[in-house]
Visitor: 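A single structure is presented below for examination.
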Amino acid sequence: MKSLSFYTLALFLFLLSGCSWFGGNYDKVGEKKLFNGEVIEEFKLPNGLRVLVVPRHQAKVLTYQVWFQVGSIDEKLDPKLKKTGLAHLFEHMMFRGTTKFPDGVFDQLTSRLGGTNQNATTYFYRTNYYESIPSSQLEKLMEIEADRMENLKLDAELLEKEKGAVVGEYRRHMDSPVSVGNDVLLQTVFETSPYRYNVLGTEEEIKGFTLDEGNYFYKTYYAPNNATIVVVGDVEPKALMKMISKYYGHMKAQEVPHTLPPEEPPQKKERKKSHGHKQATSDTLLIAYRIPPVTSPDMIPLYLLSSHLSNGMEGRLRKLLVDTGIAVSANAGPSHRPDLYEIMIRLAENQSPQKAMAILDKEIELLKTKPISKEEFERALNQELLDSYGDITSNSSLANSMGEFLMMSGNYMLGFEILEGYKKLTPNDLMETAKKHLDSKQRTIVTIHPEGRGK
């Protein structure tokens, strides 16, 4: 009897430990209820891997996304790298294969699984990988996703091939007047911050990355404690976590060096720059105001102000600039990390940027001195709510929102909190926000003009 009691106790402790044989070793961190009644469940593995899941059973499909808290600013600030472009180059390398699934096999397998919308992106502060699949193929997809996160096979020949592909992407970027304009804008706005450097890096940097640097980057930043998996669609959380424990639970946490960027000096006067581009056929105005981070309460009225200016046929910039034939497009809105309120006006041929700026300045001064009408406010609010509610009906769009806000703010619910915040605003709030943040002293203006035509 003593022997039986010993083995019974041992079995009990074994089960209690959360062995993957019996469902996985993980903690449920919590859950959040959305306005439509859906629930986001959050889990965490002992190695630090975070998992967000939203069950939806209307169709037998799901989106699977893996987000890493690493982008171009991390490599620029890393004392062992101090370069830009490897985060993006590595995004390409992640499709190159492992010993188990060699080069080219990843794309073949995901295609056979019925996968769609498969891709990846790199930005200043994050890198993400995503695809949508039939839910019946989840475990096979997870097997190959986990394998490339842990066992990517880096060799000199594949690295050189991918460098060539990225150099081609960089050259296409440099052929675009708007892309170059954005580069010039950030270089003019920021004096010390790594946001002033192109996410792609320079051609010299891309060609110069070594195999050792690639291995260091991979082993350091592609760690479970630096990653979040987001799954939205036809899945049961317990079954999902059992699989995730099986394929990711054994991975080891790493020390990830997230260095804070240097504080950017305050901007005390308006900055202007003009830049010629051989592919430009007309002028483009790129305007940026320094604004607070996305976690600031001021961002809520700034988002709604953007809807007033840009969204729909009645957007003010469309009415003032596009409908009058001065511009072919005009848009405004916040960006985050870097934290800027950006306006882009693509002028029609032979139209003057000075004329467009005079119209824009008059409209901004009006926003600062007089609340917009109740009808304009309601139109902007309804447009913003319609767009936001429509977006989250898509599995991919909901997962994108959760992942993006988590990476840039640490709060995956922030997008929904902003939606709720809209309902508390008044036209006066938009006026006060414009007065506070659309200050010409905090503004940078870049004009991209056809090369050879003069400034």
Side-chain angles (χ1 to χ4, degrees), residues 178 181-182 184-185 188-189 267-275 280 282-292 298-335 339-384 425-449 453-455:
V178 171
N182 279 315
V184 175
L185 182 69
T188 309
V189 171
Q267 185 172 332
K268 297 180 179 179
K269 63 179 182 178
E270 186 177 72
R271 299 171 186 170
K272 293 183 178 181
K273 185 163 282 189
S274 184
H275 185 87
S282 63
D283 291 88
T284 297
L285 284 165
L286 298 111
I287 302 145
Y289 295 85
R290 299 266 290 270
I291 57 173
D298 287 355
M299 290 312 306
I300 300 173
L302 277 172
Y303 275 120
L304 195 55
L305 189 62
S306 302
S307 190
H308 167 68
L309 289 172
S310 296
N311 284 2
M313 301 295 288
E314 295 297 314
R316 288 296 295 162
L317 295 183
R318 180 185 179 91
K319 298 284 285 183
L320 293 168
L321 295 167
V322 178
D323 290 355
T324 57
I326 296 170
V328 294
S329 66
N331 299 284
S335 70
D339 301 309
L340 300 171
Y341 191 88
E342 298 185 39
I343 300 171
M344 184 172 75
I345 303 169
R346 300 182 72 170
L347 295 171
E349 288 191 36
N350 302 316
Q351 289 292 332
S352 159
Q354 291 80 12
K355 181 179 180 181
M357 280 303 306
I359 294 170
L360 178 65
D361 281 340
K362 184 177 179 181
E363 181 64 18
I364 288 173
E365 285 308 308
L366 194 61
L367 290 173
K368 292 179 182 181
T369 54
K370 182 181 178 182
I372 64 174
S373 70
K374 182 181 176 182
E375 291 74 20
E376 288 176 312
F377 179 83
E378 288 179 351
R379 183 202 67 81
L381 177 60
N382 290 336
Q383 186 80 56
E384 190 69 16
L425 294 178
T426 67
N428 196 64
D429 293 321
L430 271 60
M431 181 184 71
E432 292 301 323
T433 299
K435 192 184 303 182
K436 183 178 179 180
H437 295 296
L438 301 187
D439 182 352
S440 61
K441 293 178 183 177
Q442 292 286 310
R443 183 168 74 177
T444 299
I445 304 171
V446 167
T447 305
I448 300 296
H449 60 84
R453 199 192 65 189
K455 295 184 181 181

Visitor: Looking at CD1 of Ile287 and CG of Leu340, how far apart are the two atoms once the value is rounded to the nearest 0.5 Å?
Guide: 12.5 Å

Visitor: Decide side-chain contact (heavy atoms from CB on, under 4.5 Å) for Val189 and Arg290; before the verdict, give the C-alpha distance in whole Å, the side-chain angles of both, and the deciding distance to 0.1 Å.
Guide: CA-CA 8 Å; Val189 171; Arg290 299 266 290 270; 3.9 Å; yes

Visitor: Verify the distance criterion only: is there a donor paired with an acceptor across the side chains of Ser307 and Gln383 at less than 3.5 Å?
Guide: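 The criterion, which ignores hydrogens and geometry beyond distance, is not satisfied for Gln383 and Ser307.
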
Visitor: Between the side chains of Glu376 and Arg379, is the shortest nitrogen-to-carboxylate-oxygen separation below 4.0 Å, so that they form an ion pair?
Guide: no

Visitor: Would you name the heavy atoms of Met431 and Lys368 that are closest together and state the gap between them?
Guide: CG-O, 3.4 Å

Visitor: When rounded to the nearest 0.5 angstrom, what is the spacing between NE2 in His437 and CE in Met299?
Guide: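 Here the rounded value is 8.0 Å.
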
Visitor: Rounded to the nearest 0.5 Å, what separation is found between the CD1 atom of Ile326 and the CD1 atom of Ile359?
Guide: 3.5 Å

Visitor: Distance check, rounded to the nearest 0.5 Å: Ser282 atom OG versus Gln351 atom CD?
Guide: 9.5 Å

Visitor: A side-chain contact here means heavy atoms from C-beta on lying under 4.5 Å apart; do Phe377 and Pro371 qualify?
Guide: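 They are not in side-chain contact.
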
Visitor: Any side-chain heavy atom of Leu430 sitting closer than 4.5 Å to one from Thr433?
Guide: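 A side-chain contact is absent here, since even the closest heavy-atom pair is not under 4.5 Å.
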
Visitor: Check whether any side-chain heavy atom of Ile372 sits under 4.5 Å from a side-chain heavy atom of Arg316, and report yes or no.
Guide: no

Visitor: What's the separation between atom CD1 in Ile364 and atom CZ in Arg443, rounded to the nearest 0.5 Å?
Guide: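 CZ of Arg443 is found 6.0 Å from CD1 of Ile364.
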
Visitor: Take Leu286 and Ile448 through the test side-chain contact (heavy atoms from CB on, under 4.5 Å) and record every step on the way to the result.
Guide: CA-CA 8 Å; Leu286 298 111; Ile448 300 296; 3.8 Å; yes

Visitor: Step by step, would you call Ser335 with Glu342 a side-chain hydrogen bond (donor to acceptor under 3.5 Å, both in side chains)?
Guide: CA-CA 7 Å; Ser335 70; Glu342 298 185 39; 3.0 Å; yes

Visitor: In Å and rounded to the nearest 0.5 Å, what is the CD to CZ distance from Gln442 to Arg271?
Guide: 8.5 Å

Visitor: So, Lys362 and Glu365, do they make that salt bridge, N to O below 4.0 Å?
Guide: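 Result for this pair is no, no salt bridge flagged.
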
Visitor: Which of these passes side-chain contact (heavy atoms from CB on, under 4.5 Å) with Tyr289: Asp439, Ile343, Thr444?
Guide: Ile343

Visitor: Got Leu360 and Leu285 here, is their nearest side-chain heavy-atom distance under 4.5 Å?
Guide: no

Visitor: Would you indicate whether the side-chain heavy atoms of Val178 and Arg346 approach each other to under 4.5 Å?
Guide: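 Yes, close enough: below the 4.5 Å cut-off.
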
Visitor: Does any non-hydrogen side-chain atom of Ile345 lie less than 4.5 Å from one of Leu317?
Guide: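 No, every pair of side-chain atoms sits at 4.5 Å or beyond.
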
Visitor: Going through the checks in order, is the side-chain contact (heavy atoms from CB on, under 4.5 Å) test met by Asp323 and Arg318?
Guide: CA-CA 6 Å; Asp323 290 355; Arg318 180 185 179 91; 3.6 Å; yes

Visitor: Where do Gln267 and Lys441 land on the side-chain contact (heavy atoms from CB on, under 4.5 Å) test, with the steps shown first?
Guide: CA-CA 7 Å; Gln267 185 172 332; Lys441 293 178 183 177; over 6 Å; no

